[in-house]
Amino acid sequence: MTSHLPEPGRRRRIALLPLARRVALLTGAADGWSSEAAPEAGLRRLVLSDGPAGIRGGGFGSDGCSLLFPNPTALAAAWDESLVLRAGTLMGAQARAAGVDWLLAPVLNLHRSPFGGRHFECYSEDPLLTGRIAASFVRGVQSTGVAATAKHFAGNESETERLSYDARIDEWTLRELYLQPFEAVVRAGVASVMAAYNALDGVRATENHRLLTEILKEEWGFDGVVVSDWGAARSTDETALAGLDLVMPGPDGPWGGALVDAVRAGRVPEELVDDKLLRLLRLADRTAATPAPPLPASAEARATLRELAVRGMVLLRNDGLLPLGPDSIGHLALIGPNAVRLTAQGGGSAQVRPERVVEPLDGLRRVLGAAARITVEPGVLTHRNLPRLDPAVAPGGLRLDFLDADGAVLRSEHRDRAHLILEQEPPEGTAALALSAELLLSSPGRHELAVHGGGAFRLQLGAGAPLEFTLRAPDRDPLSPLVEPAEFRTHAEGGPEPLALRLEYAYDEAADWHLFGLGHLPPQPCPDELLDRAVAAARAADTVVLVVGTTEEYESEGFDRDSLALPGRQDELVRRVCAANPRTVVVVNAGAPVLMPWAELPAALLWAWLPGQEGGDALADVLTGAAEPGGRLPTTFPTGADALPSVHPEDGVLAYAEAHRFGYRSAVPALFPFGHGLGYTHWNYPSMQVRGTEDGGLVVDVRVHNGGTRTGREVVQVYLEEPGEPLRLIGFAADELRPGLTTAVRVTVGPRELRRWTPGGWTVPTGPHRLLAGRSSADLRLTAELRLGASDPVHRCGPSRSPSAAAPPTPMPIPTPSHP
Ligand code: BGC
């Protein structure tokens, strides 16, 4: 994305507009998902859309489909900037094709705690990895002429009271951890930054002059637009003075006439208004300057999504069962709630409607052949609300009528889904909406039926008496009606005759959401029987693929998780299935860590994340060895939940009391450490060489040897340890290598990666340090003793014993720190 108009051109265009008009352009347009246009100043309307897993388009109720990408943590797990560049480019191309100019992604908050509801939307617990992955994603998106948005700036690591909590983060931790990724994307030229809902150190992010102006705009030189999170601008003068540039969504908000008055009264300088508009024009010009790239053909896009999913999957354990030779499988049992329905994405504003989702069974059938013997059993059901009604149950579709107060039909529409979010104005005089369908509940027995949503309803099933009820979602978040809608349950007997259903919803103009839908669960065996059937299927099969995990009802924006345990009786399912069949692969389909007290039981354990629409094919590729699961954990998988940072504010304050000590920087042993991942070969680390560079950085050449029998890709990780401090990742690089070969993987560490924050500012560290290289934060094979700040920083290089057992570095005089 380049700037094609010189700055003065923009200033002249701004000068054409009267003050009230200039101010009006700084609040979004009435549709809630675009900015205002000013043709007289050459400013076009800019269309915004959420990410980061795909292009949702305007609003939540659109029927448009999008490519569904693996969740961001899965992308980061490949530790591969060029791959993420491709992901960003594909997402950008789709945005352009959908008429979107401005993407509300990536999410740069850190994995502070796996309880965080939006953990799955973030890349990593580590600021260096987050920043490097994010910068590549931003470059990819922006190469297509779409503006990317770094969000949520800053301290927005959890959802409980997210609109108001006050994150108290000490300056050292804020600078070295939480602000790092944002600075990295500003250096990469990100066009926009989103100011978060929460406060930071007592001042709301949208009103935080230090954050938005002193650090972001002045210190880092950010020349793009600071946009508010949706509804996060809650004052006039404070937000305008702090450095917020665009209030979203429109058309109302705290600016408009109130900001004009503030300028006229001399409380807000007029130049500040002009600076905001200048930034908006700059973003508009930059996006317009890049021609739209062609959207790849569907097959090509799907192949990319599949590759992204494969490359992120992490093989956590393997006793040698994987890869499964397609010929050695015979009879396969495909078990688990997520084997029956893959969770392809998390919940909240990131959610898109995918054009398709490849289920695990589809993928396995493709590789094993249509005739393969595969038994499928869910074992456990994990839904909170009943699953959404499958369109096949209403084969004729559904009719939606808009009714006036007398029940007369004002308009009728055909719908193929039983879920509705009304975002457009209904016809004048609408008093109710009615959804009707003929349901085919053909299997005999008790069918559970449900209505999800908020408001007053009347449900008529066949000739039964009408049921009247009111539903209200929990009142904890503006998105609650969407992500945890209330539910009314009833039931009907199955049979050959279609069942007429009519659901009426009383239209209340004042309601924030108009959202409702139907849930359905066909007759089920009782929970014990369901488990027994899965265990019997496991016993009867040669090999078991057991897919457990979460769903978007557990991992979502709008609330934090209340437990890290797998939902329902899945732990019991894993234990019993592993006992029934030793050839069991457990696949975990979740975006954020879950507790795996049974991790030692299966013959192999694969982490599949929320793999997006091509997930089933990617899983089959990895299980059968058509591709290597190339991922390394970008976040620590804890053994238990006790020692994790709290996500619950106390009296409105969320103290980041753990400072640096979370994830791999904490002293708590992990179940699977940060950086861990096996792949299908094994690696030796014979030696490394370290040298200092003139600019104060380091070049680390790590020799790795592929000691297995397959080609593989190794991610070499380099950490720095200074006395009394936790390890920190300072660089990584990867290479693909054929079996038996050795190569030197070069990891370049810039001076920026070495610097530390002190009360006086950034400091170049000096003195004895230890550099460690290896496969994960807990598997560090090589060590170098360094004297940072010395002309030749390398003191000694060699194989690690264990980091803690290595000899202490030789004491040496420490030169005075210098400030860059
Ligand atoms: C989320 C943002 C999102 C916005 C618009 C907010 O609730 O925090 O990430 O971009 O809504 O959907």
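Numbers for residues simply follow the sequence, beginning at 1. In listed order, ligands and their atoms are each counted from 1.
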Novice: Taking 4.0 angstrom as the limit and counting only heavy atoms of K151, give me the atoms of ligand 1 inside it, by number and element.
Specialist: 2 (C), 3 (C), 9 (O), 10 (O)

Novice: Provide, to 0.1 Å, the distance between atom 3 (C) of ligand 1 and the closest protein heavy atom, together with that atom's residue and name.
Specialist: D50 OD1, 3.3 Å

Novice: Measure the distance from atom 7 (O) of ligand 1 to every protein heavy atom, then report the residue, atom name and distance (to 0.1 Å) of the closest one.
Specialist: E557 OE2, 2.8 Å

Novice: With distance as the sole test, does S136 use its side chain to make a donor-acceptor pair with the main-chain N or O of L85 at under 3.5 Å?
Specialist: no

Novice: In terms of atom number and element, which parts of ligand 1 are under 4.0 angstrom from non-hydrogen atoms of M194?
Specialist: 10 (O)

Novice: I'd like to know whether ligand 1 has L479 as a neighbour, heavy-atom separation below 4.0 Å.
Specialist: no

Novice: Do other residues, nucleotides or ligands put more than 12 heavy atoms under 6.0 Å from the CZ atom of R187?
Specialist: yes

Novice: Using a 4.0 Å heavy-atom cut-off, which part of R118 comes near ligand 1: side chain, backbone, both, or neither?
Specialist: side chain

Novice: Anything under 30° is parallel, anything over 60° is perpendicular, the rest tilted; go ahead and classify W79 against F674.
Specialist: tilted

Novice: Can you name the atoms of ligand 1, numbered from 1 with element, that are less than 4.0 Å from a heavy atom of Y197?
Specialist: 6 (C), 7 (O), 8 (O)

Novice: What is the closest protein heavy atom to atom 9 (O) of ligand 1, and at what distance does it sit?
Specialist: H152 NE2, 2.7 Å

Novice: Between E159 and ligand 1, which residue portion shows a heavy-atom distance shorter than 4.0 Å: side chain, backbone, both, or neither?
Specialist: neither

Novice: For atom 2 (C) of ligand 1, what's the nearest protein heavy atom and its distance?
Specialist: D229 OD1, 3.3 Å

Novice: Could you tell me whether E219 and R175 make a salt bridge, using a distance below 4.0 angstrom between a side-chain N and a carboxylate O?
Specialist: yes

Novice: Just how far is it from atom CG of L283 to atom CH2 of W102, taken to the nearest 0.5 Å?
Specialist: 5.0 Å

Novice: Would you mind running through ligand 1 and noting each atom that sits below 4.0 Å from a heavy atom of L104?
Specialist: 10 (O)

Novice: What are the atoms of ligand 1, with element, lying closer than 4.0 Å to any heavy atom of W33?
Specialist: 5 (C), 12 (O)

Novice: Under a 4.0 Å N-O cut-off, is there an ion pair linking R476 with D560?
Specialist: no

Novice: Using a distance-only test with no angle check, is there a side-chain donor-acceptor pair under 3.5 angstrom linking R234 and S164?
Specialist: no

Novice: May I ask whether E121 has any heavy atom positioned less than 4.0 angstrom from an atom of ligand 1?
Specialist: no

Novice: Could you tell me the separation between the CD atom of E552 and the CZ atom of F120, rounded to the nearest 0.5 Å?
Specialist: 9.5 Å

Novice: Do the ring centers of W607 and F637 come within less than 6.0 Å of each other?
Specialist: yes

